[in-house]
Undergrad: 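Let me give you the structure first, and then I'll get to my questions.
The figures that follow rest on heavy atoms only: side chains count, while hydrogens, waters and symmetry mates do not. These figures come from a predicted structure and were not determined experimentally. Chain naming here is simple, since letters A, B, ... match the order of the sequence lines and numbering starts at 1 in each.
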Amino acid sequence: MIAQCWRSWPGLIDACVDEIVVHDLCRFAMLLKPRPWGTAVNGVALWQVFELVRAQEWYTADLSTYLKLLTMLAKAKQAAEASNVFDCLLEDKLRPTTAIFTALLTVFTQSNQFKKALEIFESMRLYEGCVPDKYTYTAMIKGCCEAGLYVQARKIFDEMMIEGVKPSIVTYNILIHGYGKAGLFREVERVLSTMEANNVAPDTVTWNTLIRVFGLNCKIPEMEQAYEGLLRQGLQPDMVTLNSLISAYGTAGLFEKMESVTQYMQRYNYPMTRITYNIIMEAYGRAGMVDQMEETWKRMKAEFVKPNSSTFCSMLSAYGRHGYWHNVEKVMRQARYFDAADTAVYNAAIDAFQRAQNFEDMEKIFEEMKLKGHAPDDVTYSILIGAYERIRRVDKARDLQEEWNGSVKECEAE
DNA sequence: GTAATCATAT
């Protein structure tokens, strides 16, 4: 019923509202897909649904509902409504808790509004009983890392220790991931020493994170050491471990090693998932090994593993980079067939045509993209404008720049 | 209410 209301919003929603239970609001989280271009914003509709529910006579204010709502908004990266939700909570005469504040600031860290998150973090103590706990600190540290504020992350971690809040293994893993992705391996070492000093043993996620960040930084020997560390501790590699190894070997061009991990998976009955196939296709595609990429794609289809948008992005960019632009239309047909053609896929197709200087097909696919309701984003416009600037079509570049500015304004108005 | 694996451009 919720789903039906959703699809026919706003027409049917009034008719069905009595059947909406407050608790069911969380189901909307699953329906919050990126909005089609030019249609109503899901977040607004969600907000209106909540208002509607709140106006019902059977409505009783409940903290757990607010917690769910905020979690939902964080997932959907809809920060604009979060403050309203918090105001409603106060209006309903509920007392916020640490968990509420944590959820609230997570909405902002997830939406790239770190400053707002920090403001909430610093002012939450004004409310009785709202002292940051390990979840709050961990959320803030994650936000810092994602914003690239590593010094700040360290500061908050130190504060956590001073306040006597014990970091969890999750806190440590997030720090390792943040520092490692940025290549700050001395800091990674420091986190590992702190863990040891506090008698926290690394878990599978810790080792996987190390494998991942060494791989990202092309530190293959260190990565292999981390893998051995995992085994030495008596832990089993999981899908993430093996996919991370495949990804690292693939981007390093070590295809024999990559294949040996694949064989290991088959020998020990690890399922080859979409992620595994995507990683392998991306690796072959980037290296220009188009035959191997197509071979993998055939295997993926033969095994009935469902491709997604990133499968097609990898294929398109491989074809584009290596001069196979005439394959673009064929790939797009498959992407449409598997219902995986989204903004990113169109971007990759536009780029492939652009590289081939095929402006006619580039424009055609750009029009199709808009027609089908896939909003062009900053990547789309960067590709198009860059392409026209390179052939000195200043007029075209300027028109697109204006279109881009217009669409940005439209978003801000929401 | 916290964590890790895949994609599009410069």
Undergrad: Can you check whether A:Arg355 has a side-chain N or O nearer than 4.0 Å to OP1 or OP2 of B:dT8?
TA: no
Undergrad: Given B:dT5, B:dT8, B:dA3, which nucleotide is nearest the side-chain atoms of A:Asn347?
TA: B:dT8
Undergrad: Give me the residues of residues 131-145 of chain A where at least one heavy atom lies under 4.0 Å from an atom of DNA chain B, by number, or none.
TA: A:Asp133, A:Tyr135, A:Thr136, A:Thr138, A:Lys142
Undergrad: Given B:dA9, B:dA7, B:dT5, which nucleotide is nearest the side-chain atoms of A:Asp342?
TA: B:dA7
Undergrad: With distance as the sole criterion, is a donor-acceptor pair present between the side chains of A:Thr241 and A:Ser244 under 3.5 Å?
TA: no
Undergrad: I need the residues from residues 167-174 of chain A with at least one non-hydrogen atom less than 4.0 Å from DNA chain B; give them sorted by number, or say none.
TA: A:Ser168, A:Val170, A:Asn173, A:Ile174
Undergrad: Of the nucleotides B:dT8, B:dG1, B:dC6, which one has an atom closest to the side chain of A:Ser317?
TA: B:dT8
Undergrad: Which nucleotide, B:dA9, B:dC6, B:dA4, lies nearest any side-chain atom of A:Arg212?
TA: B:dC6
Undergrad: Just grab all the ring pair (Phe, Tyr, Trp, His ring centres under 6.0 Å) pairs involving residues 256-300 of chain A, residues at least two apart or on different chains.
TA: A:Phe255-A:Tyr284, A:Tyr264-A:Tyr268, A:Trp297-A:Phe312
Undergrad: Hey, would you say the A:Phe101 and A:Phe121 ring centroids sit under 6.0 Å apart?
TA: no
Undergrad: Run the side chain to side chain contact (heavy atoms under 4.5 Å, CB included) test against A:Gln113 and tell me which residues pass, sequence neighbours left out.
TA: A:Ala79, A:Phe108, A:Ser111, A:Lys116
Undergrad: Among all residues two or more places apart in sequence or in another chain, which pass the ring-ring contact (aromatic ring centres under 6.0 Å, His included) test with A:Phe353?
TA: none
Undergrad: Below 4.0 angstrom from OP1 or OP2 of B:dT8, is there any side-chain N or O of A:Arg286?
TA: yes
Undergrad: Examine the side chains of A:Tyr381 and A:Glu403 and answer whether a donor and an acceptor come within less than 3.5 Å of each other.
TA: yes
Undergrad: Could you tell me whether A:Asp378 contacts a base, only the sugar-phosphate backbone, or nothing, with contacts defined as non-hydrogen atoms closer than 4.0 Å?
TA: nothing
Undergrad: Test of understanding: with ring-ring contact (aromatic ring centres under 6.0 Å, His included), list the residues that count as partners of A:Phe114, not counting sequence neighbours.
TA: none
Undergrad: Give a yes or no on whether A:Glu367 atom CD has more than 12 heavy-atom contacts from other residues, nucleotides or ligands under 6.0 Å away.
TA: yes
